Amino acid sequence: MKRTIIALVFAFTISMTAFAQPVSGYLRPSFSAVVVKDMTVSAKWYESVLKLNPKSTMSDDKGGYKVVILASAEYTLELLELKGSMATTQVLEGKAEGTKIQGHFKIGFTVKDMDVYLKHLSSLGIKVPQVWTDQETRKRNFMITDPDGNLLQFFE
């Protein structure tokens, strides 16, 4: 059951980006969903890191889920706390080093001013392990992880 719910969430997320209408000649994702361990911790983290505002919440103790929708003018993020969900580390326990789970790998964002955004993350106590610079464009990017270890990548 839990795998079915997780698979449906990922399928919905993929369908939202795959069938989005082109904006200014390109596709621009506007929605993602992430399964989290602790709704309170994750909601606070995403609110501060992505500067998203709580839009709505719902929960069903009997059904074993909590949902928080966070949004800005450009982006909406759905956080789901699902009873019985498992961390990636649990699923991969005992597997060979380097084993990955198929599916989404990371969520990417574009920032207007990389230096301002790096200062913002630093003020939140979030360490950026490395900033890469593209050799051709000279544009920078970096990756961080959320409280559950999910990857987020930021591009200039």
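For reference, positions follow the sequence shown, starting with 1. Because the structure is a prediction, the values reported are computed rather than measured.
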Gln130 CD: over 12 foreign heavy atoms closer than 6.0 Å: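 Atom CD in Gln130 is crowded, with more than 12 foreign heavy atoms closer than 6.0 Å.
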At what distance, to the nearest 0.5 angstrom, does [atom1] of [X] lie from [atom2] of [Y]?
X: Lys62; Y: Lys83; atom1: NZ; atom2: NZ; answer: 11.5 Å
X: Ile126; Y: Ile144; atom1: CD1; atom2: CD1; answer: 5.0 Å
X: Leu77; Y: Lys55; atom1: CG; atom2: NZ; answer: 12.0 Å

Considering the options Thr110, Val128, Ile107, Val111, which one meets the side-chain contact (heavy atoms from CB on, under 4.5 Å) requirement together with Phe154?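 The passing option is Val111.
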Have a look at Leu70 and tell me which of Thr57, Thr76, Leu50, Leu79 forms a side-chain contact (heavy atoms from CB on, under 4.5 Å) with it.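 Single pass found, and it is Leu79.
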Give the C-alpha distance, both sets of side-chain angles, the deciding distance and a yes or no for side-chain contact (heavy atoms from CB on, under 4.5 Å) between Tyr65 and Leu80. CA-CA 7 Å; Tyr65 69 86; Leu80 300 101; over 6 Å; no
Establish whether Leu124 and Leu152 are linked, either directly or via other cluster members, by ILVMFWY side-chain heavy-atom contacts under 4.5 Å.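 Leu124 and Leu152: one cluster.
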Same cluster (ILVMFWY, side-chain, under 4.5 Å), Val116 and Leu52: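 The answer is no; the residues belong to distinct hydrophobic clusters.
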Asp113 vs Tyr117, test: side-chain contact (heavy atoms from CB on, under 4.5 Å). Steps then yes/no. CA-CA 6 Å; Asp113 188 324; Tyr117 203 75; over 6 Å; no
Solution key, residues 94-102 side-chain donor-acceptor pairs under 3.5 Å, sequence neighbours excluded:
unit_1, atom_1, unit_2, atom_2, d
Thr99, OG1, Ala96, O, 2.5

Atom of [X], atom of [Y] and distance for their closest heavy-atom approach:
X: Phe155; Y: Met114; answer: C-CE, 4.0 Å
X: Ser72; Y: Lys51; answer: CB-O, 4.3 Å
X: Val49; Y: His120; answer: O-NE2, 3.5 Å

Name all residues meeting the side-chain contact (heavy atoms from CB on, under 4.5 Å) criterion together with Asp61; count only those two or more places apart in sequence or in a different chain, and write none if there are none.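 If we apply the side-chain contact (heavy atoms from CB on, under 4.5 Å) test to Asp61, skipping adjacent residues, there are no hits.
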Quick check against the 3.5 Å criterion: does Ser122 have a side-chain atom that pairs as donor or acceptor with the backbone of Leu118?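 Answer holds: no.
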Kindly state each residue pair satisfying side chain to side chain donor-acceptor pair (under 3.5 Å) with at least one member in residues 135-156, sequence neighbours excluded.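 Every pair satisfying side chain to side chain donor-acceptor pair (under 3.5 Å) with a residue in residues 135-156: Ser42-Asp148, Tyr46-Asp146, Lys106-Gln153, Asp115-Arg140, Asp134-Thr137, Arg140-Glu156, Asn141-Gln153, Asp146-Asn150.
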Met143 and Trp132: side-chain contact (heavy atoms from CB on, under 4.5 Å), yes or no, with the steps? CA-CA 9 Å; Met143 288 189 283; Trp132 293 275; 3.9 Å; yes
